[in-house]
Amino acid sequence: MRLTDAGRLLAAHAARILTQVGFARADLEAQRGQAIGELLLGAFPTAARGVLPTALARLRAEHPRLTVGLEEMRPEEAVRRVERGDLDLAVVLDWDNRPTTLPAGLSKAAILDDPVDVAVPDGHLLADRDDVVLEDFAGGEWVSWPKGEFCHDWLLCTLRGKGIEPRISHMADEHHTRLALVAAGFGVVVSPRLGRGPVPDGVRMVPVRHAMCRHVFAVWRTGAGDRPSVRAAVAALCEAGRAAAGQGPRPGARGTPAPPQ
């Protein structure tokens, strides 16, 4: 489906209208000088688990007149909804070798860099290694995110860039489902540390020798950047990101509880 000429004209006007609404809301909040009213946030699952509880608790304590709603969603959907004005703020991600290009009119702030390990079954030949490279798993089976997800496409692109044609044996949306498949011996998986939680029995986390990171950041409409509520939320997210950085379960640990958030 494609927009007609009239549709493109209306879409351009709508973008300007949404920007102006953002400026109006910013002016009203700035006049009050307080973060008040409602703020809608979107975040991908591990950020919703690993960063948002701390950030939301801080916002509630410091800005009791601000009501914040959180909805879990994929990064690409969150960006679209911020662009449309359906969300005030989104927590999204990209990777070192697969950056995200944001649409015009959006601003962003870095929250944290999230290192990854490779999760392998306990009995795997590389389970006791101090570190690994992805080439060590050439020819082996992989467990992945579902097709169409940003991280699934990143995994395929990364492995093929290293000359590996991946054998994706299973795909699962939920991180702990992927780890359960690893524990049962159905392959290995790239495992980010943010929001990881307890590592199940039968799984070992092995660091990647040349550190791989996904970058987690906040996105909002540029016109809303002067709103006290948006500024407060971004500050809370960045503070929560600093607290979460490096607090994932220790690589190689089994059954290690997640740190308090």
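- Of all heavy-atom pairs between V116 and V208, the closest is O-CG2, 3.9 Å.
- Applying the ring pair (Phe, Tyr, Trp, His ring centres under 6.0 Å) test to residues at least two apart or on different chains, the pairs with a partner in residues 181-210 are H170-F186.
- Separation of atoms CG (L70) and CG (L40) is listed at 10.0 Å; rounding is to 0.5 Å.
- Residues V79 and W220 do not share a hydrophobic cluster, defined by chaining ILVMFWY side chains whose heavy atoms lie under 4.5 Å apart.
- Within the model, atoms SG of C157 and CH2 of W95 stand 12.0 Å from one another, a figure rounded to the nearest 0.5 Å.
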**OP:** Would you sort out whether M205 and V199 count as a side-chain contact (heavy atoms from CB on, under 4.5 Å), showing the intermediate values?
**Re:** CA-CA 8 Å; M205 295 291 176; V199 178; 4.2 Å; yes
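- Between L93 and R214, the shortest heavy-atom contact is CD2-NH1, 3.7 Å.
- Remark: E72 pairs with no residue by the salt bridge (Lys or Arg N to Asp or Glu O under 4.0 Å) rule, at least two apart or across chains.
- Cation-pi check for R74 over F150 is not met; the charged atom does not lie both under 6.0 angstrom from the ring centroid and within 45 degrees of its normal.
- Annotation: ring pair (Phe, Tyr, Trp, His ring centres under 6.0 Å) contacts involving residues 108-133, sequence neighbours excluded, comprise H124-F137.
- Checking D113 against H215 by side-chain atom types alone, a donor-acceptor pair falls below 3.5 Å.
- Counted by atom type alone, R196 and T46 present zero donor-acceptor pairs between their side chains at under 3.5 Å.
- No hydrogens or angles considered: a donor-acceptor pair under 3.5 Å links the side chains of N97 and T158.
- Cluster membership check: F217 does not share its hydrophobic cluster with L194, using side-chain heavy-atom separations under 4.5 Å among Ile, Leu, Val, Met, Phe, Trp and Tyr.
- The shortest non-hydrogen separation linking P75 to V92 is O-CG1, 3.7 Å.
- W154 and D94 form no side-chain donor-acceptor contact under 3.5 Å, judged by distance and modelled atom types alone.
- Of the candidates D114, D117, V216, P192 forms a side-chain contact (heavy atoms from CB on, under 4.5 Å) with just one, namely D114.
- No donor-acceptor pair under 3.5 Å is formed between the side chain of R204 and the backbone N or O of D128.
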